[in-house]
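Have a look at the structure below, then the notes.
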Amino acid sequence: MHELNLPSSTVVNKILSKRVFEGRIKSGRKLLEDISRITFAYKLSPATINIPSTKAVEELHVYHLFLKSKKIPQKAISELNKLIPYPILFCFIYEDDFCYGISLLHEQKLYFSAWNDAIIFNFNDTNLESVYENIVKKFLQHVEPSSNIPLKELLEIDNKIIALKKEILSLSNKIKKEKQFKKQLELSRLLKPKQQELENLTKGIK
């Protein structure tokens with residue numbers, strides 16, 4: 001498993017009872033059945049890492065979830081996030097493989113890394129909210145994590161790029177399949193502005 005290089009003062013390393021979570025989640029036993037063990041690994045707070053909190057992020061937790069298969073139980077993660085009032089960086093572990101996951105504050109949108117992607121997270125910033133935002137940026141596929149653009153704006157750009165790429169792929173496939181030249185031209189006219197918009201968005205975040 002990839003090490004996060006957090007100071008020893010943040011280590012909790014406490015195994016949490018699955019039964020406690022199962023009792024507080026609807027159909028909890030079924031939802032959590034693919035998780036063999038939950039460990040509260042690290043706690044980042046003003047007392048443990050000497051970084052001030054904010055109203056939005058008072059603490060930041062790191063959980064290790066040991067899985068029974070190489071399949072991330074996304075519904076279970078959503079429910080666990082509802083129960084814990086702090087943002088959580090999840091590390092999923094299956095045998096010798098690992099990956100990471102995190103959710104947006106006050107939202108149910110989840111982001112996951114690729115398996116065995118040894119991400120270097122930055123846990124040092126002016127406050128815990130900035131640390132959290134730095135972590136989220138590492139999960140965005142289409143923007144630079146080092147960008148100084150505010151996270152909210154980066155999320156909007158990332159979502160827009162994803163949507164544009166889907167539209168461009170769909171139109172490109174239609175053009176390839178279309179036999180009538182006139183309809184090909186019509187589809188190409190729709191495609192070009194989307195390609196230009198994607199190019200402009202990509203340039204704007206570099």
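Quick note: numbers below take in every heavy atom, side chains included, and nothing from hydrogens, waters or symmetry partners.
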Lys174, NZ: over 12 other non-hydrogen atoms inside 6.0 angstrom: no
Lys68 NZ: over 12 foreign heavy atoms closer than 6.0 Å: yes
Aromatic ring pairing Phe112/Phe92, orientation class (parallel under 30°, perpendicular over 60°, tilted between): tilted
His64 and Phe66 aromatic ring geometry - parallel, tilted or perpendicular at 30°/60° bounds: perpendicular
[X] side-chain N/O to [Y] backbone N/O, donor-acceptor pair under 3.5 Å:
X: Tyr132; Y: Asn127; value: no
X: Thr39; Y: Ala41; value: no
X: Thr10; Y: Leu6; value: no
X: Lys43; Y: Leu60; value: no
X: Asn81; Y: Ile77; value: yes
X: Asp117; Y: Ser113; value: no
X: Ser188; Y: Gln184; value: yes

Would you name the heavy atoms of [X] and [Y] that are closest together and state the gap between them?
X: Thr126; Y: Pro52; value: O-CG, 3.2 Å
X: Ser45; Y: Leu128; value: CA-CD1, 3.8 Å
X: Ser103; Y: Leu110; value: CB-CD2, 3.4 Å

Are side-chain heavy atoms of [X] and [Y] found at a separation under 4.5 Å?
X: Glu186; Y: Leu190; answer: no
X: Tyr63; Y: Val12; answer: no
X: Leu31; Y: Pro73; answer: no
X: Phe123; Y: Leu44; answer: yes
X: Pro87; Y: Leu105; answer: yes
X: Leu65; Y: Cys91; answer: no
X: Lys75; Y: Ser78; answer: no

Derivation and outcome, side-chain contact (heavy atoms from CB on, under 4.5 Å), residues Val131 and Ile49: CA-CA 11 Å; Val131 171; Ile49 202 169; over 6 Å; no
Same cluster (ILVMFWY, side-chain, under 4.5 Å), [X] and [Y]:
X: Leu16; Y: Leu67; value: yes
X: Ile25; Y: Phe40; value: yes
X: Leu201; Y: Ile168; value: yes
X: Val11; Y: Ile88; value: no
X: Ile102; Y: Phe90; value: no

Would you call [X] and [Y] a salt bridge, taking side-chain N to carboxylate O under 4.0 Å as the test?
X: Lys183; Y: Glu178; answer: no
X: Asp34; Y: Lys71; answer: no
X: Lys82; Y: Glu79; answer: yes

Lys137-Asn122 side chain donor-acceptor pair, cut-off 3.5 Å: no
Donor on one side chain, acceptor on other, Thr54 and Glu129, under 3.5 Å: yes
Hey, could you give me the [atom1]/[atom2] distance between [X] and [Y], rounded to the nearest 0.5 Å?
X: Leu164; Y: Leu169; atom1: CG; atom2: CG; result: 12.5 Å
X: Glu167; Y: Lys194; atom1: CD; atom2: NZ; result: 4.0 Å
X: Ser130; Y: Ile135; atom1: OG; atom2: CD1; result: 11.0 Å
X: Lys109; Y: Phe139; atom1: NZ; atom2: CZ; result: 13.5 Å
X: Phe98; Y: Ile119; atom1: CZ; atom2: CD1; result: 8.0 Å
X: Asn159; Y: Leu140; atom1: CG; atom2: CG; result: 8.5 Å

Derivation and outcome, side-chain contact (heavy atoms from CB on, under 4.5 Å), residues Leu104 and Val136: CA-CA 8 Å; Leu104 297 182; Val136 174; 3.8 Å; yes
Ring pair (Phe, Tyr, Trp, His ring centres under 6.0 Å) between Tyr42 and His61, intermediate numbers included: CA-CA 6 Å; Tyr42 301 95; His61 293 181; over 10 Å; no
Chi angles and distances behind the side-chain contact (heavy atoms from CB on, under 4.5 Å) call for Phe21, Ile84: CA-CA 10 Å; Phe21 292 114; Ile84 299 158; 4.3 Å; yes
Candidate pair Phe121 and Tyr100, rule side-chain contact (heavy atoms from CB on, under 4.5 Å), full reasoning: CA-CA 11 Å; Phe121 294 107; Tyr100 296 103; 4.0 Å; yes
Partner residues of Lys18 under the salt bridge (charged side-chain N to carboxylate O under 4.0 Å, His left out) criterion, sequence neighbours left out: none
